[in-house]
Every structure is written in structure tokens, then in C-alpha cells.
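For this chain, numbers begin at 1 and follow the sequence in order.
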Amino acid sequence: MTDLQPLIEAAWNDRSLLQQPATLQAIEHVIEELDKGRLRVAQPNADGSWLVNDWVKKAVILYFPVRQMETIEVGPFEFRDKMRLKTDYQGQGVRVVPPAVARYGAYLASGVILMPSYVNIGAWVGEGTMVDTWATVGSCAQIGAGVHLSGGVGIGGVLEPVQAAPVIIEDGAFVGSRSILVEGCFVGREAVIGAGVTITGSTRIIDVTGAEPKEYRGHVPARSVVIPGTVAKQFAAGEYQVPCALIIGQRKPSTDLKTSLNDALREHNVAI
């Protein structure tokens, strides 16, 4: 990919280069590599940190102005957009329940199940993950393997600013119904997010399991069990409660993730 990055960077700084065939081919190649999962907007490092490939996000943004509007007919349905739809689900080993939609340039690994839902360009969805009914996976979001996104979950997209990290949900996590995860927030491996939790990149996430509270910002540690909460905040007009997220326990390490999840939900009485 080293030969593609300079072309993308140059076009990002000089949009007149979008008229050149070499630039157009580079952009198309990046989107194809994203679609096939050979390239990612963000990737995990060996030490557990994540590297954001901002030049890849630039290619996604540049893909929009070089595309033309077209009508797409799918049986009785008609769409009008610049982006193609993802195809060849059988070849990829992906189950897609009508009327689920994934855009070309989003990667779906083998064993992914899309209930009626939406996956945007640049997203990466790992093996065996369930995207449940009316859940949305925003642009460039990184969803690990064996994740369950429950009904109505909203995973935000992050294209700009290009240096911003996308929403990242690591392997084995469970996200409860109608939860909203946006602004590049991070959910660690096998964490359990209860129904209705909202987490942004700056949300206060407070671990209340010890003698003293411990606070995180937009970061859910691995195996944490999280529910919605509120904290008091002083304003000019008085003190009011504002949303936060509370870590109320830990999902016990287990080789059987289903058993571990069920135990966590029962023990902590977490709505999903």
C-alpha cells in the first residue's frame, strides 16, 4: 500500500489531482481493499493500542466527489446514491436479512449476520458478529469478532477530522439495545454495555465497584459491565443531573463467552 498513500496525500492537499487517472485508480484501489478487508482504517497493535490510518480515511472522503449519482434497483426497491452496495454475500459467508444494507467499501467477515440494519463505508465487522435489527454501524467503525450489537444500537461514524479515532469495539463485546456509541469511543474486549447507555469520546465512565470511584473518559476497560447513570453538575441556573456511564462489575474470564455473558447479566441485573 506504500505506493497508494503518496497519491492519496497529494490529492488531499490538491483537489485538482482528482482529475488524473492515477489518482482515481488509487482511490478506487483503496476502497476495494477496504471492501475485501485487506486494508483497515484502524488496526490493533501488538501492545493492545490502535493505529489510525488517517490517509485511508482521506481516501474514503475523496471517494465521494469522484463518484456520480446513479439509480440502483434491487427487486421492487429503488435507491439513488453515489455509492455502490456491497455484493457477493454468499461468497463471503455472510448472512443478510432483508432489508439490511451494507455499502461497498465496508468489510464483513465470514459468519457475520446482518439483521435489517445498515453498515457504512470504511467499517470493519469481525467474524461471527451479529448486527441486530435497526442497528447502524457508522463509517470507519471497527467492530471486533464475536460482538453482538443489539436492536437499535447506534455506532457513530467518524470521517472528519481525519486524525480522530473511529469508534472501536473489541472482540466479544455485547452492546445492549438502543445504546449509542459515538465520537471515537472505545469498548474493550468482552465488555457488556447495558441497554440505553450513551458513550461519546468525552463521556465520564465511572467505576463504582471499589471503595473510591475511578473515572475514565470515553474508554470502557475490557470485561467491564456498564449501565446508564447520572452525575450532578453545577450550572449558572443551579445543579442538574447529566448522563454518565457506570461500571458496576466485571465479566468473569471464561472460555465459554455465552456462559460468561449470561452470568454477568444475571449477577448485575443488566437490561439488554
Flag the pair [X] and [Y] as a salt bridge only when some basic side-chain nitrogen lies within less than 4.0 angstrom of an acidic carboxylate oxygen.
{"X": "Arg217", "Y": "Glu215", "answer": "yes"}
{"X": "Asp81", "Y": "Arg103", "answer": "yes"}
{"X": "Lys86", "Y": "Asp35", "answer": "yes"}
{"X": "Arg84", "Y": "Glu70", "answer": "no"}

Give a yes or no answer on whether the side chain of [X] reaches the backbone of [Y] with a donor-acceptor pair at less than 3.5 Å.
{"X": "Ser179", "Y": "Gly176", "value": "yes"}
{"X": "Glu170", "Y": "Gly188", "value": "no"}
{"X": "Asn45", "Y": "Gly48", "value": "no"}
{"X": "Asp171", "Y": "Ala145", "value": "yes"}

[Y] and [X], any side-chain heavy atoms less than 4.5 Å apart:
{"X": "Val175", "Y": "Val187", "result": "no"}
{"X": "Val208", "Y": "Ile247", "result": "no"}
{"X": "Ser224", "Y": "Gln250", "result": "yes"}
{"X": "Val153", "Y": "Arg178", "result": "no"}
{"X": "Thr71", "Y": "Glu73", "result": "yes"}
{"X": "Thr200", "Y": "Ile180", "result": "no"}
{"X": "Val147", "Y": "Leu149", "result": "yes"}
{"X": "Gln68", "Y": "Lys82", "result": "no"}

Would a single hydrophobic cluster contain both [Y] and [X], if residues Ile, Leu, Val, Met, Phe, Trp and Tyr are joined by side-chain heavy-atom contacts under 4.5 Å?
{"X": "Leu159", "Y": "Tyr104", "result": "yes"}
{"X": "Ile193", "Y": "Val225", "result": "no"}
{"X": "Leu181", "Y": "Val41", "result": "no"}
{"X": "Val182", "Y": "Trp134", "result": "no"}
{"X": "Tyr118", "Y": "Met130", "result": "no"}

Stepwise, does the side chain to side chain contact (heavy atoms under 4.5 Å, CB included) test hold for Leu4 with Trp55?
CA-CA 9 Å; Leu4 296 175; Trp55 71 273; 4.1 Å; yes
[atom2] on [Y] to [atom1] on [X], rounded to 0.5 Å:
{"X": "Ile206", "Y": "Leu246", "atom1": "CD1", "atom2": "CG", "result": "6.0 Å"}
{"X": "Glu28", "Y": "Leu62", "atom1": "CD", "atom2": "CG", "result": "12.0 Å"}
{"X": "Gln90", "Y": "Arg95", "atom1": "CD", "atom2": "CZ", "result": "14.0 Å"}
{"X": "Ile169", "Y": "Phe174", "atom1": "CD1", "atom2": "CZ", "result": "12.0 Å"}
{"X": "Ile121", "Y": "Leu34", "atom1": "CD1", "atom2": "CG", "result": "7.0 Å"}
{"X": "Glu33", "Y": "Leu39", "atom1": "CD", "atom2": "CG", "result": "6.5 Å"}

Could you go through the side chain to side chain contact (heavy atoms under 4.5 Å, CB included) check for Glu267 and Lys252 one step at a time?
CA-CA 11 Å; Glu267 179 181 351; Lys252 294 179 177 63; 2.7 Å; yes
Let's go through Lys57 and Glu160 carefully: what are the C-alpha distance in whole Å and the side-chain angles of both, what is the deciding distance for salt bridge (charged side-chain N to carboxylate O under 4.0 Å, His left out) to 0.1 Å, and is it a yes or a no?
CA-CA 8 Å; Lys57 292 175 71 176; Glu160 297 185 276; over 6 Å; no
Closest contact, heavy atoms only, [X] versus [Y]:
{"X": "Ala26", "Y": "Leu7", "value": "CB-CD1, 3.8 Å"}
{"X": "Gly144", "Y": "Thr129", "value": "O-OG1, 2.6 Å"}
{"X": "Val158", "Y": "Cys140", "value": "O-CB, 3.8 Å"}
{"X": "Leu108", "Y": "Gln92", "value": "O-OE1, 4.1 Å"}
{"X": "Gly156", "Y": "Ala141", "value": "O-CB, 4.2 Å"}
{"X": "Asp207", "Y": "Tyr216", "value": "CB-CE1, 4.3 Å"}

Over 12 non-hydrogen atoms of neighbours within 6.0 angstrom of [atom1] in [X]:
{"X": "Lys233", "atom1": "NZ", "answer": "no"}
{"X": "Lys214", "atom1": "NZ", "answer": "no"}
{"X": "Phe77", "atom1": "CZ", "answer": "no"}
{"X": "Asp14", "atom1": "CG", "answer": "yes"}

Run the numbers on Val131 and Ile113 for side chain to side chain contact (heavy atoms under 4.5 Å, CB included), then give the verdict.
CA-CA 6 Å; Val131 183; Ile113 298 174; over 6 Å; no
Go through it in stages, so that I can follow the logic: the residues are Val60 and Ile31, the test is side chain to side chain contact (heavy atoms under 4.5 Å, CB included), and I'd like the CA-CA distance, side-chain angles, deciding distance and then a yes or no.
CA-CA 7 Å; Val60 174; Ile31 304 305; 4.1 Å; yes
Any chance you could pull the hydrophobic cluster mates of Trp124, using side-chain heavy atoms under 4.5 angstrom and chaining through other members?
Tyr107
Residues clustered with Ile168, ILVMFWY side-chain links under 4.5 angstrom
Trp50, Phe186
Can you pull out every side chain to side chain donor-acceptor pair (under 3.5 Å) where at least one residue sits in residues 137-156? Sequence neighbours excluded, please.
Arg40-Gln142, Asp132-His148
Could you go through Lys58 and Glu9, starting from their C-alpha distance and side-chain angles, then the distance that decides it, and tell me whether this counts as salt bridge (charged side-chain N to carboxylate O under 4.0 Å, His left out)?
CA-CA 8 Å; Lys58 291 175 181 177; Glu9 296 283 9; 2.7 Å; yes
